[in-house]
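Okay, structure first, notes after.
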There are 2 protein chains.
Amino acid sequence: MKYDLNQKITRGAQRTLSAFTQSMFTLLAKESFEKIKVNELCELSNFPRATFYNYFQDKYDLLNYCWHVLADQIDVAELTSLNHEEIPIQFFDRAYDLLSENKVIFDQIMAHNDVDGTLINSFSSYMKTVTRDYLTQYFKQTASNLPIELLVNHFSNTILMLIEWIFLTNHPVTKEQGHQYLRALLGNL
Amino acid sequence: MKYDLNQKITRGAQRTLSAFTQSMFTLLAKESFEKIKVNELCELSNFPRATFYNYFQDKYDLLNYCWHVLADQIDVAELTSLNHEEIPIQFFDRAYDLLSENKVIFDQIMAHNDVDGTLINSFSSYMKTVTRDYLTQYFKQTASNLPIELLVNHFSNTILMLIEWIFLTNHPVTKEQGHQYLRALLGNL
DNA sequence: AATAAAATTGGACACTTGTATATAACATCT
DNA sequence: AGATGTTATATACAAGTGTCCAATTTTATT
């Protein structure tokens, strides 16, 4: 990301960011990520190439920003209950809601992009970071004979594996059923 | 992969495949995957670009073939014991050995490539496939209230997470300690 | 409304990518 | 040794990438 998101974002900048993000999602619903050219993104957004490169290193960079925009819906209500055991379940629920709300888009995307392609990798990778960050803050004080990092990785891997199995490889499962699976897989910890 | 690996590979083809594979590993020890150009690979291998494209779609394709060559060391002795409980441990051991034997190379590679970059993603992705294929053949007959696919994913994720934690983020851990961690994480299944 | 800062724009540039094609070199088999 | 099929090579090409710059327009602030 060339543009600094921490500064106060001007109106024009916001417009530009939104336009490119929107264009990316639109194009992803129509063709595979590999096939998308920076020129396409620019034409659809009505911005010249130079503007694109003012904000992003490349299309991968934009894609990452797209996940950021999407996942921002998650950490709005950051501070719910604190029943320790339930943290993974809670996070699962949030991810479940996020993917449910955007199911249409994701289904379209999956129709043009392989499960093991660049795009899904990029999404997984972003979600992994978010999930780990979230879990880490709750597992800091947990006593265990396992390194915390391992524990956090394991929990986030499991949650996201389940989420991706449900939504990206289209195995319709209710939230409650998901809870059961999750408890079965993580039951001992 | 443009070249068909199933046909009998001629001596010349083998020479070419090996040269490019070797060059890739050599360059990965010196610079990040992103920076490696097809031209570099060709110069180092003393082959013209056209030859490269006779065999591979692009550098990602070659990289994938490199993992294939590397991981072939694993499935040589495919058929050891059959104590069901021990399958994940056994596979962990094989992966542990593989990474141990190639520790020098991997350390060099990690010095120039991010843990969440394209390269490691590509490696993880390849290993995931191998691991899942391996585990699936043993879990077919296992009775469980969980979908087998979920179970296999969970096991392979956990094994590989641990392997990557040990070798790619440099947390020196003995094989026996690894077993303990693995049992703790998967203990309930 | 004036001003300074920030964003947009068009065009030029060097470089990399992947394809295509025609010719030469090579290995393998009878 | 000669015929056959595969691989190597040189070269050319269209398209995309990412950078740079100087001129212009838009924006936030006073």
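Side chains are part of it too, since the values below use all heavy atoms of this structure and drop only hydrogens, waters and symmetry mates. Note on naming: letters A, B, ... go to the chains in the order of the sequence lines (proteins, then strands), and numbering restarts at 1 for each one.
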K35(B) near the nucleic acid: base, sugar-phosphate alone, or nothing, with a heavy-atom cut-off under 4.0 Å? nothing
Please compare N54(A) and I36(A) by the position of their nearest nucleotide in DNA chain D and report the one closer to 5'. I36(A)
Go through dA8(D), dT16(C), dT8(C) for me and flag the one nearest to the T51(B) side chain. dA8(D)
What is the distance from NZ of K59(A) to C1' of dT17(D), rounded to the nearest Å? 11 Å
Give K2(A) one of three labels, base, sugar-phosphate or nothing, depending on what nucleic acid heavy atoms sit under 4.0 Å from its own. sugar-phosphate
Is a donor-acceptor contact shorter than 3.5 angstrom present between the side chain of R49(B) and the base of dG18(C)? yes
For the side chain of Y53(A), starting at C-beta, report the closest nucleotide among dT9(D), dG18(D), dT29(D). dG18(D)
Protein-nucleotide distance (R15(A), atom CZ; dT25(D), atom P), rounded to Å: 15 Å
How close or far is atom C1' of dT25(D) from atom CG of N46(A), stated in whole angstroms? 17 Å
Whole-Å distance separating the CD atom of Q57(A) from the P atom of dC20(D): 12 Å
Closer to the 5' end of DNA chain C via nearest nucleotide, is it A50(A) or Y3(A)? Y3(A)
Nearest-Å distance, CD (Q7(B)) to P (dT28(C))? 13 Å
Side chain of K37(B), heavy atoms from C-beta onward: which of dG11(C), dT16(C), dT9(D) has the nearest atom to it? dT16(C)
Judged by nearest nucleotide, the residue sitting upstream toward the 5' end of DNA chain C, D58(B) or G12(B), is D58(B)
Look at the side chain of V38(A) and decide which nucleotide, out of dT17(D), dA28(D), dT17(C), has an atom nearest to it. dT17(D)
Just wondering, are more than 12 heavy atoms of other shown residues or ligands nearer than 6.0 Å to NZ in K30(A)? no
Answer yes if F52(B) and L5(B) sit in the same cluster of Ile, Leu, Val, Met, Phe, Trp and Tyr residues linked by side chain heavy atoms under 4.5 Å apart, and no otherwise. yes
Could you state the atom-to-atom distance from CD of E40(B) to P of dT16(C) in whole Å? 9 Å
Minimum side-chain heavy-atom gap Y96(B)-H179(B) below 4.5 Å: no
At under 4.0 Å between heavy atoms, what does Y55(A) touch on the DNA or RNA strands: base, sugar-phosphate, or nothing? sugar-phosphate
May I ask you to say what T10(A) touches in the nucleic acid, namely base, sugar-phosphate or nothing, with a heavy-atom cut-off under 4.0 Å? sugar-phosphate
To the nearest angstrom, the CG-P distance between D4(A) and dA5(C) comes to 18 Å
Rounded to whole angstrom units, what separation is found between the CG atom of L17(A) and the C1' atom of dA7(C)? 11 Å
Test item: N113(A) side-chain N/O and S32(A) main-chain N/O as donor-acceptor pair under 3.5 Å: no
Short N-O contact, R183(B) and E86(B), less than 4.0 angstrom: yes
